[in-house]
Structure formats: structure tokens, C-alpha cells
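The structure appears right after this line, and notes come after that.
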2 protein chains.
Amino acid sequence: MPEQTTGASRPTLEAVAARAGVSRATASRVVNGGVGVRAPLVDKVRQAVEELGYVPNHAARTLVTRRSGAVAVIIAEPEFRIFSDPFFEQQVRGISRELTAHDSQLVLLWVEGPGDHDRIARYLGGGHVDGTLAFSLHNDDELPALIARARIPTVFGGRSEAGQRLAVPYVDSDNRGGAREAVRHLVSLGRRHIAHIAGPRDLMAALDRVDGYHDVMMDADPALMSQGDFTEESGARAMAELLDRRPDLDAVFVANDLMASGALRTLRERGVRVPEDVAVVGFDDLASVVRSTDPALTTVHQDIEGTGRLMVKLLMRLLDGTGGPVPASVITPTALVRRASA
Amino acid sequence: MPEQTTGASRPTLEAVAARAGVSRATASRVVNGGVGVRAPLVDKVRQAVEELGYVPNHAARTLVTRRSGAVAVIIAEPEFRIFSDPFFEQQVRGISRELTAHDSQLVLLWVEGPGDHDRIARYLGGGHVDGTLAFSLHNDDELPALIARARIPTVFGGRSEAGQRLAVPYVDSDNRGGAREAVRHLVSLGRRHIAHIAGPRDLMAALDRVDGYHDVMMDADPALMSQGDFTEESGARAMAELLDRRPDLDAVFVANDLMASGALRTLRERGVRVPEDVAVVGFDDLASVVRSTDPALTTVHQDIEGTGRLMVKLLMRLLDGTGGPVPASVITPTALVRRASA
DNA sequence: CCCAGCACTGAGAGCGCTCCCATGAATACC
DNA sequence: GGTATTCATGGGAGCGCTCTCAGTGCTGGG
């Protein structure tokens, strides 16, 4: 038995079986849960595992089961800044946690541009991972097509045109509903001239929030709409424009907290009182922003980590083929959080 | 030949060999570079690979070569915020790029606390990855010990007590040297009362910068030292304290750009002119900060992405066993970037 | 013209594991 | 008490690949 002499290399199942005095098959059963093995044998194997410090060889297992126990999270370079986005962090955290709960690992795939597509396609084709998770933010992204071509189970984070066209399931917050709730809240406060500061035009989440705004403000003056790019700076600028165009506005729904923070700054600089003169509602409920605004920001909360977890859950159902058919999308609810600004 | 009928499953080397009319061994040689195979056969195999869309099965390869082609990047939960740190982002980017250049993949391991240690240890022991990369920032971290116990090749990012004790190679910026250069520059400007705003006391990088400051200001008044925690807010506060204690100070070296930005704000609020009255030097050369300060911030540049790449290079040498002995540490140079603030 | 020497190629073992199937023991049924 | 049935266990094939080693066809020297 060479296993005993080659003490340097890691013990195999064979060694465990030999030590426990059972066959490799039985040892395997115990290692994988031990169903259908009698208690005394289970114990003997468990003990052998313990004593030998046995850890299953992942490659060997993958080779036969055709399951790698890993999931790729694809990050496209155009949005790499997203990486330092608290948003993204929370989502990845959720993904990581849920993956751990499913005994899977997270492989980070950083796509640096079309030149990388080949490499990624080969990687996805190589059976390294069981499925992928991707964020399709911009509509012009080539990533969805790439993933579709690799024919690997995938779930998207965020609604996207390409994703829907390719029938890839996605998870998203109820952006439209959340926006609607925000604007309705402003209406219920008796506000009549409610403006909107929108996010980037190529971002579905931003567009959905615009739609939600229009659901309530069906015949709003176009002058009450202003365009930002989700940065604080752009929010400040958009607010200034709005005030110039419609000095009579009495409320503003801002498409994200960062821009809302900028809007608040402009209002303060112009001596406009919040919420007395103008009520402000944001979106995201970002801890770092919400904590520091003055007055405290009323905003639409979304469960980002939960979204990440849901992506994994959906993917796992896709992989198992159990739990019934996989829905085309899952929309997580949002909730208005009332603070001082509206 | 069942391979042909099971069109659904991916082609194997066997299928490629059959199609090219060669043996599996020869096909394997071609796929792995094709040395020692005559040109016509190489072409035939290449063509078969192309036509069949063959992608090597990773698990099978790993099983025999004992190399997974993956490297784990370990992120410890106590520092999870670091994830949204531009710093960390750049470092991971460098790691990702260099890993790609070495045909390796990045597996993200998110450690959520001591409860996770078992899971991680088992993972590292399971041959999933060839080596690990970890960031040991705080001195009280248990992570280094955990990794050491797993006996897996590792490189640390950042100097740490534990890392040095366990003789794990590390890569770090020349924090001390950079700080020295910053302070020397202030001296060369004729400044005499040079203060320092330090970073967190449990962070080696911050301590090294303090040491660099002291290297030049050997008998500095302790009143010229102030403590921050690397946030903008803390920089503003520390600057205020310094001005109260030593109104005659004419320069300040701040341990990072974020705090420098805060310090600049305090100085502006107090009507202190920069650099005329007080010269300010930061550390990091963070694009997002440096771009927006007024006046433009003079700071110490460090090559974060390069540090990440170096970590990978070092690890690869550790794995290959080639390229000579692996140094205990690699320190990347820093460089003072002169702008308007000093 | 024969054989040593060389360059290529193929046969086959084996990496560590799971899973199918056969075997044997124990229990149930009539 | 004999056979059908269940249940636990072991034997062994085989996942797709790499790698050693033997074999094949050449060339060149004697």
C-alpha cells in the first residue's frame, strides 16, 4: 500500500477506506452524507477521515459528477467603477453568502473588453464553473450575447433588453413601483409641482424610475424633468436647472441618493428650506449617504444583498432542475423610508 | 464510437484525435503547445479542435497535473469595507490582469469571521486552488495563521507582523520612504513646523508613514502629531486640532489623500492659505480625490495595480519553483507628485 | 547493405472519485 | 421452512486527461 509510505501527499479515499476496513464505495457514501450505511461503519469511516485529515479531491469529484461547485461572477470592464460602488459590494456580499450556503465558490471573471471575449468563452466552456452571474447594466453590452453563446446557465442582475431577448432570468428591484411610491408620497403631502431628477438614459434601472414617476405624474410639465448621471455633482447641477426653470416647484423625486445629496446641497445654497419649501425623496437608501444628509433623507429602500442572494437561488434552481420552472424574473420589493426630507 | 452520437455533450480529446486520425497522446501534445509533433499532424489536430469546438476538460487535467490553475484571493470580513475602497479595487484589478496573463483564475474567498475558518481551511486543503493571495492589514488578524496551517503557497499584500513571523512573502509600497520624501520636500520648501496627520494605529502602512515622518523630523514636537482614521472627516478634525495646538505650523504631511482633502477643507474654512501659509502633502495619489481638491494636492504616488501584479508574480515563482529563491518581500517604489498644495 | 541512433507517434496506465450493479445477509411473506 | 424482498456492502468500470515507455520508420556511419 503505497499510500502509507507517501506520507507527504494528501490521503485519498482509498486510504480512508483501508483504515476504516471498508470498501472505497462505502467510504465515499459516508463522506457524502452517509445515507444507507450502518451506524458503526459510518463512525469508523468518520474516524478514519479525522485521523488522516482527509479532504476530498475536488478535481476527481468534478470529473465524474460534472459539477464544479463554482459559479462565475462576471464583471465587465466598462462598469469596473461599479466595483467601488457600495451597491455592488452589497450585491456581491449577498452572492458570496448564498453561494457559501450552497457549498459553491465564487470565481471572479473580469472582462476587460471585446478582446477578452474569447478567453471568457473558453473559460465558460471548459467546465470550470456550473453557471454564471452577470450584471447587465447598459443596454449596449455585448456580454449577454457572449454568455448566451456559451450555453451556460446564467442569471442576470438587473433587467436589460438583451437579457430579456435572450430569455435569461434576472433579478431586479421594483424600480418602477418604488418610484411610484415615492411620488405618491409626495402627492399625499399635498405637493403639486413635483420634479424628477433622472439617472443615465442607458440604464434600465434609471429608466424604470422615470416610468414610475410618470405613472403618477401622467401629464407632468417636461420642464420638471432633469437629467443626471447618478453622481452627487450631477444632482446638484440638475437641481439648479430645475429651480431656474420652475421656481415654483415644491417637491423633487431624485433617482438615487447620491444625486439627492447633491440636490440637497443646491437647495441649501439657494436658501430653499427642506422639506418646508421643497420636499426631497431619494432612491437606494444608501447607508453612507443617508446618514450624513441634512435633513435626513427620505428615500426608497431596496434590499441589495437580498437581490444578490436571489440571483444565486435562482441559478441553483436552474442547475438542479428541481423546485419547478424558473421564472423569467424576480422583482424584489422596495419600501419608502420616511425621514426628515419629505 | 459513442462520442459522435452524443452530440449534446462536449467533445473529448479522444474525439479530436479520432477526427484528426492520430492518437490521443498526439492530440494532447498539440493542444499543449505541439512540441515534438510534425507540422502536418499539428495542423490536422488544430483543425479538428476547431471543427469540433474542443475545449479541454479542466477537471481531468487538474486531476493528473495536480494544478488547478486558480488562485484564491482572501478577503477578511472585518475589512469588508475595503471592497468599496478604490485602493482595493485597483489592487484586485492588477491581480486579475496578471493572473489572466498566467492563465489562472481568481477565486474570491470571503471570510466572514472565525466561524468560517473551518470552511476556508477545508477549501484550501481540497486542492481547489494552487495558492492564495491575502491582505493582512491589521495586526490582530487570525487569517495569516489559518493560511499557514493550510500549508498552501501564499503571498500577502501589505506588511504585517504575523506575515513576517510566519515568513510569508509580501508586497508593499515603500510607505516609509514615500513619507520621508514627502517631508523632505516640505523641508526643502523652507518649512520648519511640519505636522503629521497619522492613520489608524493598527495599520502597518500608517505606522510606516509615521516612521518616515520621524526619520526626517527626528525631534518633532509631539503636538505636531495628530491622529486620524483615514476618512475625510477625521482629516478635517485632526487639522483643526493641530491648528489649535500649534497655530504657527507651516506645513502638514497627511497620511492619505482622503484625510488631506478633509484637512484642506478645514484650512479653507479657517482662512488659511494653501500653500502660502500652510503647505499640504498627501499620500496615495488617488485619482478621484486629487482631481477635485483645491488647490490640487501634492501627494505621494504609489503603483497600486503594480502591487497587485507583483503579488501574483511572486506567487507564480513560489508555485513554479523556478526563477530562483523567492524574496521575503518586495517593496514597490513611491514617487512624490508635485502639484499646487506644496 | 546492415544496424545504431534519432525523431515521432501510439498504447496504456493511472490520477481520485462516483455510481451502477452484483453479491450476500437479513428480514418478510405465504 | 422455502422463497421473495429488502437492505447494506463491495467490485469494478470509467469520467477525460497526461505522461511514461515501447515501438515505428528514418537517416547516417561503417
Side-chain angles (χ1 to χ4, degrees), chain A residues 1-4 6 8-45 48-49 52-69 103 122 125-128 130, chain B residues 1-4 6 8-45 48-49 52-69 103 122 125-128 130:
Chain A
M1 281 177 202
E3 290 86 17
Q4 273 138 327
T6 55
S9 83
R10 297 212 325 266
T12 70
L13 235 206
E14 188 79 48
V16 171
R19 184 171 194 112
V22 300
S23 72
R24 199 176 52 242
T26 298
S28 173
R29 279 183 204 108
V30 172
V31 169
N32 292 293
V35 286
V37 179
R38 249 188 288 251
L41 282 194
V42 170
D43 290 347
K44 266 203 265 183
V45 174
V49 165
L52 260 40
Y54 170 76
V55 179
N57 180 304
H58 180 243
R61 187 176 268 178
T62 298
L63 183 57
V64 31
T65 59
R66 278 121 201 296
R67 278 283 222 125
S68 71
D103 277 319
R122 210 163 332 111
H128 292 72
D130 300 328
Chain B
M1 281 176 203
E3 291 84 20
Q4 272 137 327
T6 55
S9 83
R10 297 209 328 263
T12 69
L13 234 206
E14 188 78 48
V16 171
R19 184 170 195 111
V22 299
S23 73
R24 198 175 56 241
T26 297
S28 173
R29 280 188 274 261
V30 172
V31 168
N32 291 294
V35 287
V37 180
R38 248 188 289 251
L41 281 194
V42 170
D43 290 345
K44 266 202 263 183
V45 174
V49 165
L52 261 40
Y54 170 76
V55 179
N57 180 304
H58 180 242
R61 187 176 269 177
T62 298
L63 184 57
V64 30
T65 59
R66 276 119 202 295
R67 277 283 222 127
S68 72
D103 277 320
R122 210 165 331 113
H128 294 70
D130 300 327

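So that the names make sense, note that chain A is the first sequence line, chain B the second, and so on, each numbered from 1.
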Nearest to the side chain of [X], heavy atoms from C-beta on, is which of [options]?
| X | options | answer |
| --- | --- | --- |
| A:Leu63 | D:dA13, C:dA11, C:dG16 | C:dG16 |
| B:Arg66 | C:dT18, C:dG12, C:dC15 | C:dC15 |
| B:Val64 | C:dT9, D:dC17, C:dC19 | D:dC17 |
| A:Asn57 | C:dC19, D:dT18, C:dG16 | C:dG16 |
| B:Arg29 | C:dG16, D:dC17, D:dT20 | D:dT20 |

Roughly how far apart are [X] [atom1] and [Y] [atom2], rounded to 0.5 Å?
| X | Y | atom1 | atom2 | value |
| --- | --- | --- | --- | --- |
| B:Leu13 | B:Leu52 | CG | CG | 10.5 Å |
| A:Arg24 | A:Glu14 | CZ | CD | 5.0 Å |
| B:Asn32 | B:Arg61 | CG | CZ | 5.0 Å |

From [atom1] of [X] over to [atom2] of [N], roughly how many Å is that when rounded to an integer?
| X | N | atom1 | atom2 | result |
| --- | --- | --- | --- | --- |
| B:Arg67 | D:dC19 | CZ | C1' | 17 Å |
| B:Leu13 | D:dC19 | CG | C1' | 13 Å |
| B:Arg61 | D:dT18 | CZ | C1' | 9 Å |
| A:Asn32 | D:dT9 | CG | C1' | 16 Å |
| B:Lys44 | C:dC8 | NZ | C1' | 14 Å |
| B:His58 | D:dG16 | NE2 | C1' | 13 Å |

Check whether any side-chain N or O of B:His58 sits under 3.5 Å from a backbone N or O of B:Ser68 as a donor-acceptor pair, and report yes or no. yes
Ignoring hydrogens and angles, tell me if any N or O in the side chain of A:Arg10 forms a donor-acceptor pair with the backbone of B:Gly125 under 3.5 Å. yes
Confirm from the modelled atom types if B:Arg10 and D:dG16 form a donor-acceptor pair under 3.5 Å, side chain to base only. no
Is a donor-acceptor contact shorter than 3.5 angstrom present between the side chain of B:Arg24 and the base of D:dT18? yes
With a 4.0 Å limit, can you tell me whether [X] has a side-chain N or O closer than that to the phosphate oxygens OP1/OP2 of [N]?
| X | N | answer |
| --- | --- | --- |
| A:Thr12 | C:dG16 | no |
| B:Arg38 | C:dC8 | no |
| B:Ser23 | C:dA11 | no |

Select from A:Ser28 and B:Gly21 the residue whose nearest nucleotide in DNA chain C is closer to the 5' end of that strand. B:Gly21
